[in-house]
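Keep in mind it's a predicted model, so treat the numbers as computed, not measured. Chain A is the first sequence line, chain B the second, and so forth, proteins listed ahead of strands; every chain is numbered from 1.
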2 protein chains.
Amino acid sequence: MKALETILPKFDSVFSIDCVIFGFDEGELKVLLIERNVEPFKDWWALPGYLVEQEESLDNAAERILYELTGLKGIYMDQFYTFGDVNRHPQGRVITVGYYAMIRLSGNKDLKPAPITNYARRAVWTPLADLPKLAFDHDKIFKRAFDKIRNKISYQPIAFELLPEKFTLTQLQHLYEVILNKKLDKRNFRKKMLNYDILKELDEKQKGVSYRAAKLYKFDKRKYARLFQKELSFGK
Amino acid sequence: MKALETILPKFDSVFSIDCVIFGFDEGELKVLLIERNVEPFKDWWALPGYLVEQEESLDNAAERILYELTGLKGIYMDQFYTFGDVNRHPQGRVITVGYYAMIRLSGNKDLKPAPITNYARRAVWTPLADLPKLAFDHDKIFKRAFDKIRNKISYQPIAFELLPEKFTLTQLQHLYEVILNKKLDKRNFRKKMLNYDILKELDEKQKGVSYRAAKLYKFDKRKYARLFQKELSFGK
DNA sequence: ACAAAAGTGTTCGAGATACACCCATGC
DNA sequence: GCATGGGTGTATCTCGAACACTTTTGT
């Protein structure tokens, strides 16, 4: 990975990827940020992002860049928008393609930028409530990604990706409430979720809580795929 | 506008825009194609597209390029996806940003590539049924745009953009049927459309038909904007 | 026994679907 | 008078919204 500065002086046009990775932990929605270790915006917080190389597709670039800057491996991301304002990068014309993902935080906490680059000093899960002002136009990029998942979750049950493998309905509901930023009715929420028929009820309960333990559920990928197919085909 | 060939030999990375412009005429859904006049894919049909210049935003580039290649002026387009496979262009790495629009065909038939470029020999409205195999990966780009509008129309009443200013409900229904590729029930369709409350019934009827003339309607932009706002705000 | 969260049903209104006949007009 | 599309209403179902109390468990 060449340092950005060595490329900028001669570039005509460069493209980059920026990743918006959502995680959910301790009842909070978080986003993965890096602390920049190079100019411009040295010491600022930014979305993990870097230049696309000559011989890699955008999707591959996204995966590689996220890994190198944060240590997260094999994350599948979706492209959501491309940002191309002329002056979005102070050193030249950089068009950036935005990717997002929602991932399970448990067991993914060991973040460590790969030592191949000193571009990021560290990577940190940051609660949305504590979001600092970000480098470049990353505030705008983040906002667009957040709008996207908020929109998507309201017509597609995608929130499981953020939860541990086994979860309670109340945890799932809290997650929805955080993303949609409103209270939901418990009975209606449960009815609706169970109606989707994509949850498997386990013979197991929550442990270590000082109140009535809730049933645990698992997300059923097979049934989910079926539902998703149905939603993609128009008309019934 | 420099010719593509003079740029390619030395480029590291280049971005372009490709435009998917939908029109509706004589009961058929059409897309605007150009006939290429330069290599590669000389003489092939392609989506109108060209390189983004150094000092213009993506949105501006899209508008300019469409105008230069087809003569269509001031068309507002939405970005829908960015295509970055390594080998999508035979002469080097070109990442392209897809834009789409739906426009009124009546009065927009005078297509003429601007003489500043000999890149396109001509621009032609092509019925979807007659789509030839397109240059580059434009088949894929087209398909993605079409999926996008098909999806969008089923939750947002956007089809007016394709119709003449005054239209009958039957024309509107036909348009929906063509895009969704299925028959709709006349009574239910009318009920639903009128319920949106974004159509203004005119004191005017169809002329020159050899059967009972239908009422003409106009699309009410003010009310539409209101509806759109409502749909964008989550939760009620 | 008390605190805390789990779990559970019914009613209402809105909107989607299915379905068939008479009406106006031009030829 | 006939062919062609214009125009209309009702019954049913599904889904989302509103709404409150009992049960279980750990301390």
Side-chain angles (χ1 to χ4, degrees), chain A residues 26-27 150-151 153-157 159 163 166-218 227 230-231 233-236, chain B residues 26-27 151 153-157 159 163-164 166-178 180 182-218 227 230-231 233-236:
Chain A
E26 295 164 15
R150 192 188 293 130
N151 191 6
I153 206 178
S154 53
Y155 64 90
Q156 246 179 57
L163 289 174
K166 300 171 183 182
F167 51 86
T168 69
L169 288 178
T170 301
Q171 285 167 354
L172 183 59
Q173 181 178 342
H174 283 334
L175 174 52
Y176 269 77
E177 291 178 338
V178 168
I179 296 180
L180 296 177
N181 191 30
K182 67 174 180 196
K183 291 283 296 170
L184 300 174
D185 179 82
K186 183 156 57 156
R187 279 168 294 189
N188 291 336
F189 180 80
R190 284 162 182 247
K191 207 190 316 166
K192 181 171 165 177
M193 275 301 148
L194 295 174
N195 240 36
Y196 277 137
D197 192 30
I198 52 176
L199 294 185
K200 194 157 39 185
E201 184 179 329
L202 301 176
D203 274 338
E204 205 176 334
K205 298 204 165 176
Q206 235 177 350
K207 294 239 164 68
V209 288
S210 70
Y211 47 80
R212 176 175 177 181
K215 275 183 209 152
L216 290 173
Y217 288 81
K218 237 171 126 168
L227 178 71
K230 229 190 303 172
E231 282 184 353
S233 72
F234 302 93
K236 351 210 139 142
Chain B
E26 294 164 15
N151 191 5
I153 205 179
S154 53
Y155 64 88
Q156 244 180 59
L163 290 174
K166 300 172 183 181
F167 52 86
T168 70
L169 288 178
T170 301
Q171 285 167 352
L172 183 59
Q173 182 177 340
H174 282 160
L175 174 53
Y176 269 77
E177 291 178 337
V178 168
L180 296 176
K182 69 174 179 195
K183 292 283 297 170
L184 300 173
D185 179 82
K186 183 159 55 161
R187 278 170 294 188
N188 292 337
F189 180 81
R190 283 163 183 248
K191 207 190 315 168
K192 181 171 164 176
M193 275 302 148
L194 294 175
N195 240 35
Y196 277 137
D197 192 30
I198 52 176
L199 295 185
K200 193 157 37 184
E201 184 179 329
L202 301 176
D203 275 337
E204 206 176 333
K205 297 204 164 178
Q206 234 177 350
K207 293 239 164 69
V209 288
S210 69
Y211 46 80
R212 176 177 175 180
K215 274 183 208 152
L216 290 172
Y217 288 82
K218 238 170 127 166
L227 178 71
K230 230 190 303 173
E231 283 184 352
S233 73
F234 302 95
K236 346 207 143 144

Please state how far atom [atom1] in [X] lies from atom [atom2] in [N], giving the value in whole angstrom units.
X	N	atom1	atom2	value
A/Phe189	C/dT8	CZ	P	15 Å
B/Leu180	C/dA16	CG	P	14 Å
B/Gln171	D/dT4	CD	P	19 Å
B/Gln206	D/dG6	CD	P	7 Å
B/Leu194	D/dG9	CG	P	12 Å
A/Tyr196	D/dT14	OH	P	17 Å
B/Asp197	C/dG15	CG	P	12 Å
A/Lys183	C/dA5	NZ	P	11 Å

Measure from the side-chain heavy atoms of [X] and tell me the nearest of [options].
X	options	value
A/Arg212	D/dG7, C/dG7, C/dT10	C/dG7
A/Asn188	C/dG7, D/dG6, D/dA18	D/dA18
B/Lys192	C/dT8, C/dA16, D/dC19	C/dA16
A/Arg187	C/dT8, D/dG7, D/dG9	C/dT8
A/Tyr211	C/dC19, D/dA18, C/dA4	C/dA4
B/Asp185	D/dG7, C/dC19, D/dT25	C/dC19
B/Ser210	D/dA18, C/dC27, D/dT8	C/dC27

Indicate the atoms forming the closest heavy-atom contact of B/Ala159 with B/Leu175, along with that distance.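 Distance-wise, the nearest heavy atoms are O-CD2, 3.3 Å.
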
Regarding A/Thr168, tell me which of base, sugar-phosphate or nothing describes its non-hydrogen contacts under 4.0 Å with the strands shown.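 The residue A/Thr168 makes no contact with any strand.
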
At under 4.0 Å between heavy atoms, what does B/Lys215 touch on the DNA or RNA strands: base, sugar-phosphate, or nothing? sugar-phosphate

Return whichever of A/Leu169 or B/Lys186 has its heavy-atom-nearest nucleotide of DNA chain C closer to the 5' end.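 Comparing both residues, the 5'-ward one is A/Leu169.
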
Taking for A/Tyr217 and for B/Ala213 the nucleotide of DNA chain C with the nearest heavy atom, the one nearer the 5' end belongs to A/Tyr217

Say you draw a straight line from [atom1] of [X] to [atom2] of [Y]; how long is it, rounded to the nearest 0.5 Å?
X	Y	atom1	atom2	value
B/Lys205	B/Lys215	NZ	NZ	7.0 Å
A/Asn151	A/Gln156	CG	CD	10.0 Å
A/Met193	A/Tyr176	CE	OH	3.5 Å

Can a donor-acceptor pair be found, under 3.5 Å and without considering hydrogens, that links the side chain of A/Gln173 to the backbone of A/Arg190? no

Can you find an N or O donor on one side and an acceptor on the other, under 3.5 Å apart, linking the side chain of B/Lys191 with the base of D/dT10? yes

Consider side chain to side chain contact (heavy atoms under 4.5 Å, CB included). Of B/Leu199, B/Leu202, B/Thr168, B/Leu172, which one does B/Tyr217 pass it with? B/Leu199

Between C/dA5 and A/Thr170, is there an OP1 or OP2 to side-chain N/O distance shorter than 4.0 Å? no

